Number of protein chains: 2
Amino acid sequence: MLEGLRAAGVRVTAARRAVVHALVDADDHVTADELAERIADRQPDVHRSTVYRTLDALERLGVVTHVHLGHGRAVYHLTDRMHQHAVCEGCGLVVELGDDVLGEVQARLERETGFVVDPHHFALVGRCRHCAQRV
Amino acid sequence: MLEGLRAAGVRVTAARRAVVHALVDADDHVTADELAERIADRQPDVHRSTVYRTLDALERLGVVTHVHLGHGRAVYHLTDRMHQHAVCEGCGLVVELGDDVLGEVQARLERETGFVVDPHHFALVGRCRHCAQRV
DNA sequence: TTCTATGCAAACGATTTGCAGGGAG
DNA sequence: CTCCCTGCAAATCGTTTGCATAGAA
């Protein structure tokens with residue numbers, strides 16, 4: 001992957017190596033800040049803004065994708081680990097969904113209105129099994 | 001509606017009257033800032049924060065609902081004009097959808113995982129007919 | 001009179017940007 | 001040697017909050 005960067009004319013630096021490693025190590029659903037914290041354990045001088053800029057660069061290369069889980073917080077993951085998300089507004093639980101949950105809806109919407117839904121960029125929101133009961 | 005406020009133990013003030021009128025007059029999908037601007041035409045001393053606080057109060061009473069249309073901007077509308085939204089990430093176009101678009105998906109998700117989707121709080125994102133073509 | 005609602009300014013959280021210096025190629 | 005990348009500080013955007021006062025009931 002780092003070689004891929006170099007091939008794309010992007011420079012490979014210590015900060016970028018750190019971001020890539022942190023991403024590979026991460027269980028999914030990491031925020032930029034969480035990544036920055038984890039990186040700071042070993043490289044305290046990697047600045048938050050660099051993490052953002054690196055994530056941005058990786059995203060433009062197509063190897064990283066971000067998802068909005070609701071108010072504010074966006075999470076990042078490797079593109080090849082792509083899947084859809086549902087977020088509980090009660091407890092914040094993130095449910096991973098198959099890539100096809102919206103299949104029929106997407107198809108019908110496109111056929112009828114021409115609108116092409118991007119099911120990955122924003123999570124579905126709602127209430128998980130537990131929180132749904134105590135509303 | 002204003003009487004409803006009074007009945008709920010909430011005070012009816014000039015600012016609140018203005019917000020309610022602006023909401024009623026508005027074609028859907030108004031941001032808090034847009035409301036504040038429109039109100040400022042006639043009552044320049046109604047502060048943005050008051051608009052936010054009033055919308056919040058109206059929302060707690062159940063007569064107003066807000067929807068997140070993507071990055072940042074939230075839009076408000078009267079609860080009885082409720083419907084689902086799809087937003088184009090290319091041009092910002094807001095498509096109004098019936099209340100049932102996600103019906104099957106919602107049902108299946110709840111049956112299989114217990115997750116109850118709230119299809120109103122966040123819009124579906126994607127690309128409208130026109131923007132979908134030039135990607 | 002009482003206590004909620006308001007204006008103002010300042011704080012907020014997540015992210016972005018301008019700048020001058022540092023380091024990859 | 002050239003430019004991209006970085007750290008830092010400051011700016012941004014949408015929204016919220018603390019405060020002392022105006023005003024609804």
Side-chain angles (χ1 to χ4, degrees), chain A residues 2-20 22 29-37 39-40 42-61 64-76 87 92 121-123, chain B residues 1-20 22 29-37 39-40 42-61 64-76 87 89 92 121-123:
Chain A
L2 289 165
E3 301 73 45
L5 299 194
R6 198 150 12 212
V10 173
R11 290 184 181 168
V12 176
T13 64
R16 287 184 171 173
R17 258 186 286 268
V19 172
V20 170
H29 319 135
V30 229
T31 65
D33 253 36
E34 282 164 358
L35 283 171
E37 269 176 43
I39 291 169
R42 313 190 126 258
Q43 281 142 281
D45 49 339
V46 173
H47 199 269
R48 247 188 262 299
S49 65
T50 301
V51 174
Y52 277 107
R53 280 192 272 226
T54 300
L55 287 169
D56 198 63
L58 293 172
E59 207 157 355
R60 266 179 282 114
L61 293 175
V64 163
T65 309
H66 77 270
V67 185
H68 299 281
L69 293 186
H71 308 95
R73 64 214 187 101
V75 296
Y76 294 78
V87 193
H121 195 186
F122 278 81
Chain B
M1 182 154 143
L2 290 165
E3 302 72 45
L5 299 193
R6 198 149 12 209
V10 174
R11 290 184 181 169
V12 176
T13 65
R16 288 185 170 172
R17 260 186 284 268
V19 172
V20 170
H29 318 134
V30 229
T31 64
D33 254 34
E34 283 164 356
L35 283 171
E37 271 176 42
I39 291 168
R42 313 191 127 259
Q43 279 140 283
D45 49 341
V46 173
H47 199 269
R48 246 188 264 298
S49 65
T50 301
V51 174
Y52 278 106
R53 282 193 270 226
T54 299
L55 287 169
D56 198 62
L58 293 172
E59 207 158 356
R60 265 180 281 115
L61 293 175
V64 162
T65 309
H66 76 270
V67 185
H68 299 281
L69 293 186
H71 309 93
R73 66 219 187 95
V75 295
Y76 295 78
V87 194
E89 298 198 88
H121 195 184
F122 279 82

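Here is the naming used below: chain letters follow the sequence lines, and residue numbers restart at 1 for every chain. From a predicted model like this one, the values you see are computed outputs, not experimental measurements.
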Assess whether side chain to side chain contact (heavy atoms under 4.5 Å, CB included) is satisfied between A:Arg53 and A:Arg48, documenting all intermediate values. CA-CA 9 Å; A:Arg53 280 192 272 226; A:Arg48 247 188 262 299; over 6 Å; no
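- Taking the six-membered ring where tryptophan is involved, the planes of B:His66 and B:Tyr76 are tilted, since the angle between them lies from 30° to 60°.
- Across its full length, the helix from C:dG13-D:dC13 to C:dG25-D:dC1 shows an angle of 30° between the axes of its 5 terminal pairs at either end, rounded to 10 degrees.
- B:Ala74 comes within contact range of the sugar-phosphate backbone alone, with a heavy-atom separation under 4.0 Å but no base atom that close.
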For nucleotides 20-24 of chain D, print each protein N/O atom paired with a nucleotide N/O atom at under 3.5 Å, atom names and distance only.
residue: D:dG23; atom: N2; partner: B:Arg11; partner atom: NH1; Å: 2.7
residue: D:dA24; atom: N3; partner: B:Arg11; partner atom: NH1; Å: 3.4

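- Between A:Pro44 and A:Arg42, the shortest heavy-atom contact is CD-O, 3.5 Å.
- Applying the side-chain contact (heavy atoms from CB on, under 4.5 Å) test to B:Ala40 and every residue at least two apart in sequence or in another chain returns nothing.
- A:Val64 approaches A:Glu59 most closely through the heavy-atom pair O-CG, 3.1 Å.
- Of all heavy-atom pairs spanning A:Leu55 and A:Ala32, the tightest one is CD1-CB, 3.9 Å.
- Mapping A:Pro44 and A:Gly9 onto DNA chain D by nearest heavy atom places A:Gly9 at the nucleotide closer to the 5' end.
- Between B:Ile39 and B:Ala22, the closest heavy-atom pair is CG1-CB, 3.9 Å.
- A pairwise comparison of heavy atoms in B:Ala123 and B:Val67 identifies N-CG1, 4.1 Å as the closest pair.
- With hydrogens and angles ignored, the 3.5 Å screen pairs no side-chain donor or acceptor of A:Thr50 with any backbone N or O of A:Val46.
- Rounded to whole Å, atom P of D:dT6 lies 12 Å from atom CG of A:Asp56.
- Side-chain contact between A:His68 and B:Phe122: absent, with no pair of heavy atoms (C-beta onward) separated by less than 4.5 Å.
- Looking at heavy-atom distances under 4.0 Å, B:Asp45 makes contact with sugar-phosphate atoms alone, never a base.
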For residues 9-17 of chain B, dump all side-chain donor-acceptor pairs below 3.5 Å to protein atoms at least two apart in sequence or in another chain.
residue: B:Thr13; atom: OG1; partner: B:Arg16; partner atom: N; Å: 3.2
residue: B:Arg16; atom: NH1; partner: B:Arg11; partner atom: O; Å: 3.0

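- Minimum heavy-atom separation, B:Gly92 to B:Val87: O-CG1, 4.1 Å.
- Remark: A:Ser49, A:Tyr52, A:Arg53 in residues 46-55 of chain A come within less than 4.0 Å of DNA chain C through at least one heavy atom.
- A nucleotide of DNA chain C counts as in contact with chain A when one of its atoms lies under 4.0 Å from a heavy atom; the first and last such, 5' to 3', are C:dA14 to C:dG25.
- Proximity of A:Tyr52 to A:Leu35: side-chain heavy atoms (C-beta onward) are nowhere separated by under 4.5 Å.
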